[in-house]
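A short worksheet on the structure shown next.
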Amino acid sequence: MAKKSETTACKECGVLVSVPLHLGIGQYRCPRCEGLLYRRGQPFSHVIVMALAALTLFLPLLFLPILDLNIMGQENSATLFKAFWVVYKDGYYLIALLALWTGILAPVAMLVLLLAILLPIHFGHRPHWIRHAYRLYETMREWGMAEVYLISIVVSMVKLHGMGTLHIGPGFYIFILFFLTFFITTVWFNPDDIWLDDALEN
Amino acid sequence: MRWKTDIDAGVQLCLHCRKLHPLERKRCDRCGSPLFQRKPHALAKTFSLALAATLLLIPANLLPMMIVHSLVGDDAGTIMDGVIYFLEHGEAWIGVVIFVASVFVPFFKLTVLFYLLWIVRFHRHAKARLGLKLYRLIHFIGKWSMLDIFVVALMVGLVQFKNLATIVTGPAAIAFMLAVVTTIFATEAFDPRLMFDHENQRSSDG
């Protein structure tokens with residue numbers, strides 16, 4: 001394999017550096033500020049499988065309860081979405097929508113965009129809208145907060161257990177699995193790899 | 001040591017796909033992102049957003065986050081009330097988690113942002129590396145301040161038992177959420193490369 005390199009600049013301190021393409025395993029850091037310049041991702045086929053697994057795990061989360069609370073014989077359960085729905089009904093639209101967006105929709109949108117980028121490439125196409133999907137994905141990375149939502153469920157459990165009898169629903173365990181597969185997908189996928197062919201041509 | 005930067009070479013970097021371009025180009029020909037050598041108006045944007053977030057944190061900490069209606073009566077608690085409640089009731093660790101996520105992280109982030117602005121504005125190049133480490137840190141911990149918003153949403157969603165016990169979102173939640181979001185935008189608007197710029201010139205001057 002030809003050892004080619006691409007000249008780029010560090011996003012964090014501006015130094016010009018030449019990064020070898022096809023590094024194999026490992027990563028490349030800025031010589032001045034040690035910022036990450038390039039980290040080789042896993043093969044796209046692996047990423048696709050993991051993203052499909054994550055999306056599949058997401059579907060039952062629409063219906064399964066994450067928590068059940070029983071106070072003096074009255075029972076109430078919450079799915080991932082119902083919590084936000086009550087906040088929305090109370091008139092706190094902004095909070096409900098933002099929490100819904102960062103906690104659930106942004107991670108799912110990331111998975112969908114990722115598949116929209118990788119599936120055509122995997123089957124040998126490169127539609128012109130890939131660049132738009134790529135930019136959306138990069139923007140979305142700032143807003144996906146599934147892990148914060150996950151921990152907040154644990155905090156809520158502790159806060160609520162004095163109020164009544166609390167049961168953990170199946171949705172909670174599936175949410176943990178969803179988050180793990182989602183997390184592995186994003187770690188495996190290096191969006192820079194989409195441009196590898198382009199970089200090799202120049 | 002002297003480093004050759006994009007400014008020295010007269011090129012600009014696409015922040016999305018890392019391709020280098022000549023200065024006159026407006027959009028990246030590889031991924032279509034708008035191009036600029038440094039984020040436009042980074043200082044003004046970061047400063048005004050950080051200032052807005054600081055102001056929003058005042059009502060966020062003084063007003064109640066959520067209001068509990070129950071048979072015992074109504075109870076409206078601020079963020080610190082919640083922390084103190086858990087510290088006093090033997091579940092100190094959860095109190096610490098809430099304190100770190102909802103009180104410490106937002107104030108720490110804003111303090112760091114003002115410090116970074118100070119580094120750029122007064123050309124403290126010696127502090128650039130420390131500044132960059134702090135910038136990476138606030139980037140990493142920033143989203144955790146949303147924790148309390150999710151907790152409030154879950155509690156409100158679950159505790160709906162008519163007159164037995166009902167939890168309602170408090171006005172502080174809006175202020176707090178806006179503070180978190182403006183802080184995220186402020187961090188996004190900042191360009192860490194500004195801290196390093198003209199480092200070479202300075203060292204040759206002096």
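Treat the numbers as computed from the prediction; the structure is a model and nothing was measured. Quick note on labels: first sequence line is chain A, next is B, and so on, each numbered from 1.
Interface remark: His139(B) contributes side-chain atoms only to the contact with chain A (heavy atom separation under 4.5 Å). Only the backbone of Ser77(A) has a heavy atom closer than 4.5 Å to any heavy atom of chain B. Contacts between Pro191(A) and chain B at a heavy-atom distance below 4.5 Å are absent for every atom of the residue. No part of Gln37(B) comes within reach of chain A, as not one of its non-hydrogen atoms sits under 4.5 angstrom from that chain. With a 4.5 angstrom heavy-atom cutoff, Leu132(B) touches chain A only via side-chain atoms. Interface residue Leu166(A): only side-chain heavy atoms are found under 4.5 Å from chain B. For Met177(B), the part sitting under 4.5 Å from any heavy atom of chain A is the side chain, from C-beta outward, and nothing else. For Ile174(B), the parts sitting under 4.5 Å from any heavy atom of chain A are the backbone and the side chain alike. Both the backbone and the side chain of Leu37(A) have a heavy atom closer than 4.5 Å to some heavy atom of chain B. Proximity to chain B (any heavy atom under 4.5 Å) is shown, for Leu80(A), by neither the backbone nor the side chain. With a threshold of 4.5 angstrom between heavy atoms, Val97(B) approaches chain A through side-chain atoms but not through N, CA, C or O. At a 4.5 Å heavy-atom cutoff, the contact between Glu147(A) and chain B is made by backbone and side-chain atoms alike.
Using a cut-off of 4.0 Å between Lys/Arg side-chain N and Asp/Glu carboxylate O, Glu12(A) and Arg18(B) are scored as not salt-bridged. We find that Arg129(B) and Glu34(A) are not joined by a salt bridge, their nearest charged nitrogen and carboxylate oxygen being 4.0 Å or further apart.
Residue Lys127(B) places its NZ atom among 12 or fewer non-hydrogen atoms of other residues, nucleotides or ligands, all under 6.0 Å distant. Heavy-atom contacts from other residues, nucleotides or ligands closer than 6.0 Å to CZ of Phe114(B) number more than 12. With a 6.0 Å radius and a threshold of 12 heavy atoms from other residues, nucleotides or ligands, Tyr115(B) has its OH atom above the threshold. Shown here is Arg121(B), whose CZ atom has no more than 12 heavy atoms of other residues, nucleotides or ligands within 6.0 Å. Atom CZ of Phe185(B) has 12 or fewer neighbouring heavy atoms from other residues, nucleotides or ligands inside a 6.0 Å radius.
Side-chain contact check for Leu16(A) versus Leu20(B): some heavy-atom pair is nearer than 4.5 Å. Residues Lys159(A) and Phe86(B) are in side-chain contact: their nearest non-hydrogen atoms beyond the backbone lie under 4.5 Å apart. The shortest distance between side-chain heavy atoms of Tyr92(A) and Val156(B) does not fall below 4.5 Å. Counting heavy atoms from C-beta on, the side chains of Val15(A) and Lys4(B) never come closer than 4.5 Å. Within the 4.5 Å cutoff, side-chain heavy atoms of Lys11(A) are placed close to those of Leu13(B). Side-chain contact between Leu178(B) and Leu94(A): present, with at least one pair of heavy atoms (C-beta onward) separated by less than 4.5 Å.
For chain A, the option among Val152(B), Leu164(B), Ile149(B) with the highest count of heavy-atom pairs below 4.5 Å is Leu164(B). No other option in Ile7(B), Ile167(B), Leu158(B), Leu194(B) has as many heavy-atom pairs under 4.5 Å with chain A as Leu158(B). With chain A as the partner, the residue from Gly142(B), Gly157(B), Ser145(B) showing the most heavy-atom pairs under 4.5 Å is Gly157(B). In terms of heavy-atom pairs under 4.5 Å with chain B, the best-connected choice from Gly164(A), Cys33(A), Ala78(A) is Cys33(A). Looking only at heavy-atom pairs under 4.5 Å with chain B, the residue among Asp90(A), Ile130(A), Thr7(A), Thr79(A) that has the most is Thr7(A).
Here the CG atom belonging to Leu98(A) is positioned 7.5 Å from the CZ atom belonging to Phe150(B), to the nearest 0.5 angstrom. Rounding to the nearest 0.5 angstrom, the gap separating the OG atom in Ser156(A) from the CG atom in Leu147(B) is 8.0 Å.
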* How far apart are the C-alpha atoms of Lys19(B) and Thr8(A), what are their side-chain angles, what is the distance that settles it, and do they pass the side-chain contact (heavy atoms from CB on, under 4.5 Å) test? -> CA-CA 6 Å; Lys19(B) 187 171 175 172; Thr8(A) 179; over 6 Å; no
* Verdict with reasoning, Thr5(B) to Arg32(A), per side-chain contact (heavy atoms from CB on, under 4.5 Å) -> CA-CA 11 Å; Thr5(B) 65; Arg32(A) 172 154 78 168; 3.9 Å; yes
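Of residues 131-145 of chain A, those residues lying under 4.5 Å from chain B by any heavy-atom pair are Arg131(A), Tyr134(A), Arg135(A), Glu138(A), Thr139(A), Arg141(A), Glu142(A), Trp143(A), Gly144(A), Met145(A). Identified by a heavy-atom distance below 4.5 Å to chain B, contributing residues of residues 114-125 of chain A are lacking entirely.
Minimum interatomic distance between Ala165(B) and Ile71(A) (heavy atoms only, all atoms of both residues): CB-CD1, 4.3 Å. Summarising the geometry of Val148(A) relative to Trp144(B), their closest heavy-atom pair is CA-CZ3, 3.7 Å, with the distance given to 0.1 Å. Among all heavy-atom pairs drawn from Cys17(B) and Trp195(A), the shortest one is CB-NE1, 3.4 Å.
The closest donor-acceptor contact from the side chain of Asn76(A) to the backbone of Val159(B) lies at 3.5 Å or more, if one exists at all.
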